[in-house]
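Since the structure comes first, as structure tokens, the remarks are kept for the end.
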Amino acid sequence: MNKRLLNLLFILAPLSGSTALAADATAPSLQDTIAALDYQVFDSFNRCADPAQLQKHAGYFDPAVEFYHDTGGVTWTREAMLANTAKYVCGNFTRELIPGTLEVFSIKDFGALARGQHRFCDSKTHTCEGLADFTILWRLQDGQWQITRVMSYAHRSISQEARD
């Protein structure tokens with residue numbers, strides 16, 4: 001992890017759930033802010049077998065979040081998404097952002113769109129075999145960032161990616 005991101009995480013770590021964006025010239029760039037948020041939301045995701053981490057993870061999502069998953073279908077609420085996370089993810093696998101793939105785009109008067117690639121690793125064997133693309137829509141409201149839409153798609157094996 002680069003020093004710039006570590007510094008951002010140190011600055012943002014005391015904030016709970018979502019992160020406030022300072023309105024002065026020393027504020028981190030949008031790219032840095034969303035990269036730090038991506039790290040935080042998936043750090044709690046990766047440790048969600050701990051109920052406190054699952055609750056922390058929940059705090060990053062709007063109650064009416066829409067989650068589109070190409071192989072799992074659609075969930076229309078945070079509660080449904082968290083139920084799926086608890087059932088299928090927690091203690092079973094973790095998510096890693098593929099370095100260099102995160103792109104962030106500003107959305108005027110709303111927030112930001114983030115897209116990239118991530119891989120999934122078995123929690124027991126620590127082998128990473130799954131790869132997917134993602135798009136996350138972040139809303140900035142009253143100084144707080146929250147996820148309103150998630151798309152996770154093009155799931156494939158890492159060995160398949162190497163062949164293509």
So, do [X] and [Y] sit near enough that their side-chain heavy atoms are less than 4.5 Å apart?
X    : Y    : result
V41  : I136 : no
T148 : F110 : yes
Q31  : L102 : yes
V104 : W138 : no
F42  : L97  : no

The criterion is salt bridge (Lys or Arg N to Asp or Glu O under 4.0 Å); which residues satisfy it with D62, sequence neighbours excluded?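 Salt bridge (Lys or Arg N to Asp or Glu O under 4.0 Å) check on D62 returns R139.
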Side chain to side chain donor-acceptor pair (under 3.5 Å) involving [X] - partner list, sequence neighbours excluded:
X    : value
T85  : none
E103 : R115
Q53  : R47

Restricting to side chain to side chain contact (heavy atoms under 4.5 Å, CB included), what partner residues turn up for [X], sequence neighbours left out?
X    : result
A86  : L54
S123 : T94
A58  : R78, L82
K108 : none

Same apolar cluster (I L V M F W Y, side chains within < 4.5 Å links), L113/I147: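 Shared cluster, no.
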Do the side chains of V150 and L137 join up, straight or via other hydrophobic residues, at under 4.5 Å, putting them in one cluster?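 Hydrophobic grouping puts V150 apart from L137.
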Kindly give the heavy-atom pair with the smallest separation between A49 and G91, and that separation in Å.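 A49 and G91 have their closest heavy atoms at CB-N, 4.0 Å.
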Considering all heavy atoms, the nearest S44-Y60 contact: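 Here S44 and Y60 meet closest at OG-CE1, 4.0 Å.
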Quick check against the 3.5 Å criterion: does [X] have a side-chain atom that pairs as donor or acceptor with the backbone of [Y]?
X   : Y   : result
D50 : A52 : yes
D43 : Y39 : no
T75 : A80 : no

Just verifying a value: how many Å separate M151 CE and F134 CZ, rounded to the nearest 0.5 Å?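 Going from the CE atom of M151 to the CZ atom of F134 covers 11.5 Å.
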Any chance you could measure T127, atom OG1, to I158, atom CD1, to the nearest 0.5 Å?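 If I round to the nearest 0.5 Å, the distance is 9.0 Å.
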Tell me which donor-acceptor pairs under 3.5 Å the side chains of residues 65-74 have, and how far apart each pair is, sequence neighbours excluded?
residue, atom, partner, partner atom, Å
E66, OE1, Y68, OH, 2.3
E66, OE1, R149, NE, 3.2
H69, ND1, T71, N, 3.2
H69, ND1, T71, OG1, 3.2
H69, ND1, G72, N, 2.9
H69, NE2, H155, NE2, 3.2
D70, OD1, H155, ND1, 2.6
D70, OD2, A154, N, 2.7
D70, OD2, H155, N, 3.2

Can you name the ring pair (Phe, Tyr, Trp, His ring centres under 6.0 Å) partners of F120, sequence neighbours left out?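 If we apply the ring pair (Phe, Tyr, Trp, His ring centres under 6.0 Å) test to F120, skipping adjacent residues, the hits are F93, H118.
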Quick one: do H57 and N46 satisfy side chain to side chain contact (heavy atoms under 4.5 Å, CB included)? Show the steps, please. CA-CA 9 Å; H57 184 67; N46 289 341; over 6 Å; no
Not counting sequence neighbours, list each pair that qualifies as a disulfide (SG to SG under 2.5 Å) and has a residue in residues 105-139.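 Checked against disulfide (SG to SG under 2.5 Å) - neighbours excluded - the pairs reaching residues 105-139 are C121-C128.
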Pairs touching residues 91-100 that satisfy salt bridge (Lys or Arg N to Asp or Glu O under 4.0 Å), sequence neighbours left out: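 Listed once each, the pairs are D38-R95, E96-R119.
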